[in-house]
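Lettering follows sequence order; numbering is per chain, from 1. Atoms considered below: every heavy atom in the structure, side chains included; atoms not considered: hydrogens, waters and symmetry mates. None of the values given here were measured: they were computed from a predicted structure.
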Protein chains: 2
Amino acid sequence: MASGPLREPTFLILTSLAAEPRHGYGIIQDVEGLSEGRVRLRAGTLYGSLDRLVEQGLAAADREEVEQGRLRRYYRITGAGRQLLEAEVARLAANARAAGHRLGLEGLAP
Amino acid sequence: MASGPLREPTFLILTSLAAEPRHGYGIIQDVEGLSEGRVRLRAGTLYGSLDRLVEQGLAAADREEVEQGRLRRYYRITGAGRQLLEAEVARLAANARAAGHRLGLEGLAP
DNA sequence: CCGTTATATACCGTCCACCGGCATAAGTCA
DNA sequence: TGACTTATGCCGGTGGACGGTATATAACGG
């Protein structure tokens, strides 16, 4: 159930929700921004990941709005999601630090 | 060919090779150490990953030794592998920084 | 007035890295 | 003798990501 480390798309989706509740399309745009253009989520990736996050209790449906005839379904991060994301940040930072050390990339700005 | 981001096991295997050439079993032990006991590579994961790394030119067979009747097959990281690992370190660090920011984990030691 | 782009959600088949178990084999230690 | 460590390697199953497609409306541009 509580599977291994988050893959990048899922990690970024959770990160996107950490600031405030967002709807699907908003997440896609936000993730592109916070990854500095590196990650462009596909619809299939997003909604599949979102379903899994809800199923695992890491995110939850927040509310629904109808904006100009289009439905917007908002999601928010849960306490468990925030906790797991914090652990993931620590893991990524530790891995980056360890590998940087091995590569001799000592003086790298945080 | 140059597929997406490295998964954690592959990342740590490359990291292990970054310091010096190592044989399979040595990698398993080293990875357990550098991940502070978090990651225990299975043989299946290791040798599969190693084959892929060689196939992609990120690692190469270094030499073979026979130590007390047991064969040791050493692998080393290539220039391309080192380059990719550096890029991966930057990616991980950027993701950790972005998520830490969103979580309000500002004052975290690098 | 019509086609394209942007907004927005959702399904589905495919791929592949990782997982876990198993096999093999020689040396060590109790 | 049997358990454990070192050491390499195969194989089936799982699951997340990918890419494409479908659906629908609004806005923009030619």
Side-chain angles (χ1 to χ4, degrees), chain A residues 1-17 21-33 35 38-56 58-59 61-75 84 88 91 95, chain B residues 1-14 16 21-33 35 38-56 58-59 61-75 84 88 91 95:
Chain A
M1 198 185 264
S3 52
L6 298 179
R7 310 270 269 282
E8 190 173 43
T10 302
F11 174 86
L12 293 172
I13 290 167
L14 252 197
T15 298
S16 176
L17 295 179
R22 261 180 243 275
H23 60 97
Y25 201 81
I27 295 174
I28 292 180
Q29 295 171 127
D30 186 46
V31 163
E32 186 169 355
S35 69
R38 266 195 7 270
V39 180
R40 280 183 197 184
L41 256 25
R42 304 303 179 120
T45 303
L46 174 73
Y47 292 104
S49 181
L50 232 25
D51 288 347
R52 266 172 263 127
L53 287 172
V54 169
E55 195 186 296
Q56 293 165 29
L58 303 172
D62 192 67
R63 66 188 188 278
E64 289 184 10
E65 282 178 13
V66 179
E67 191 89 6
Q68 287 160 325
R70 294 184 220 95
L71 179 71
R72 280 182 172 179
R73 182 163 287 130
Y74 283 78
Y75 294 87
L84 187 130
E88 284 291 293
R91 188 179 61 81
N95 283 346
Chain B
M1 198 182 265
S3 51
L6 298 179
R7 308 267 269 280
E8 190 172 44
T10 302
F11 175 85
L12 292 172
I13 290 167
L14 252 196
S16 177
R22 261 180 243 274
H23 60 98
Y25 202 81
I27 295 173
I28 292 181
Q29 295 171 128
D30 185 48
V31 162
E32 186 169 354
S35 70
R38 263 193 312 96
V39 180
R40 280 182 197 184
L41 257 25
R42 303 304 180 118
T45 304
L46 174 73
Y47 293 104
S49 180
L50 232 26
D51 287 347
R52 265 173 263 129
L53 287 173
V54 169
E55 196 187 294
Q56 294 165 25
L58 303 172
D62 191 66
R63 66 187 190 277
E64 288 184 10
E65 281 177 12
V66 179
E67 192 87 8
Q68 289 161 323
R70 294 184 220 93
L71 177 72
R72 282 182 172 181
R73 182 162 285 129
Y74 283 77
Y75 294 87
L84 187 130
E88 285 290 293
R91 188 178 62 81
N95 282 346

Would you tell me if any nitrogen or oxygen in the side chain of B/Arg42 comes within less than 4.0 Å of OP1 or OP2 on C/dC19?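 Checking B/Arg42 against C/dC19: no side-chain N or O falls below 4.0 Å of OP1 or OP2.
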
Ignoring backbone atoms, test whether A/Arg52 places a side-chain nitrogen or oxygen under 4.0 Å from the OP1 or OP2 oxygen of D/dG16.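 Affirmative; the distance criterion is met.
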
So B/Ile27 and B/Gln29, side chain to side chain contact (heavy atoms under 4.5 Å, CB included) or not? Walk me through it. CA-CA 5 Å; B/Ile27 295 173; B/Gln29 295 171 128; over 6 Å; no

May I ask you to decide if [Y]'s main-chain N or O and [X]'s side chain share a donor-acceptor pair within less than 3.5 Å?
X       : Y       : answer
A/Glu88 : A/Leu6  : yes
B/Arg72 : B/Glu67 : no
A/Ser35 : A/Val31 : yes
B/Arg22 : B/Ser16 : yes

Heavy atoms of other groups near B/Arg40 CZ, more than 12 under 6.0 Å: no

Toward the 5' end of DNA chain C, by each residue's nearest nucleotide, B/Glu8 or A/Arg73: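 It is A/Arg73 whose nearest nucleotide is closer to the 5' end.
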
Would you mind reporting whether [Y] and [X] have side-chain heavy atoms less than 4.5 Å apart?
X       : Y       : result
B/Glu32 : B/Arg38 : no
B/His23 : B/Tyr75 : no
B/Val54 : B/Arg52 : no

Consider the side chain of [X], meaning its heavy atoms from C-beta on, and name the nucleotide among [options] that approaches it most closely.
X       : options               : value
A/Thr10 : C/dC19, D/dG9, D/dA17 : D/dA17
A/Tyr47 : C/dA8, D/dG9, D/dT6   : C/dA8
B/Pro9  : C/dC19, C/dA10, D/dT6 : C/dC19
B/Tyr25 : D/dT6, D/dA17, C/dA10 : D/dT6
A/Gln56 : D/dG16, C/dT9, D/dG9  : D/dG16

Spacing between [X] atom [atom1] and [N] atom [atom2], to the nearest angstrom:
X       : N      : atom1 : atom2 : result
A/Leu14 : D/dA17 : CG    : C1'   : 16 Å
B/Leu50 : D/dG9  : CG    : P     : 9 Å
A/Arg22 : C/dT9  : CZ    : P     : 13 Å
B/Ile13 : D/dT8  : CD1   : P     : 12 Å
B/Asp51 : D/dG9  : CG    : P     : 8 Å
B/Glu65 : D/dA7  : CD    : C1'   : 13 Å
B/Arg7  : D/dA17 : CZ    : P     : 8 Å
A/Ile27 : C/dA6  : CD1   : P     : 20 Å

Reading 5' to 3' through nucleotides 23-30 of chain C, protein heavy-atom contacts under 4.0 Å coded B for base, S for sugar-phosphate only, - for none: ---BS---

Angle between the end axes of the helix from C/dC1-D/dG30 to C/dA30-D/dT1, five pairs per end, to the nearest 10 degrees?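 Here the local axes at opposite ends form an angle of 10°.
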
What's the verdict on side chain to side chain contact (heavy atoms under 4.5 Å, CB included) for A/Leu12 and A/Glu8, showing C-alpha distance, side-chain angles and the deciding distance? CA-CA 6 Å; A/Leu12 293 172; A/Glu8 190 173 43; 3.8 Å; yes

Under 4.0 Å, counting only non-hydrogen atoms across every strand here, what does A/Gly44 touch: a base, just sugar-phosphate, or nothing?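 Base, at least one base atom sits under 4.0 Å.
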
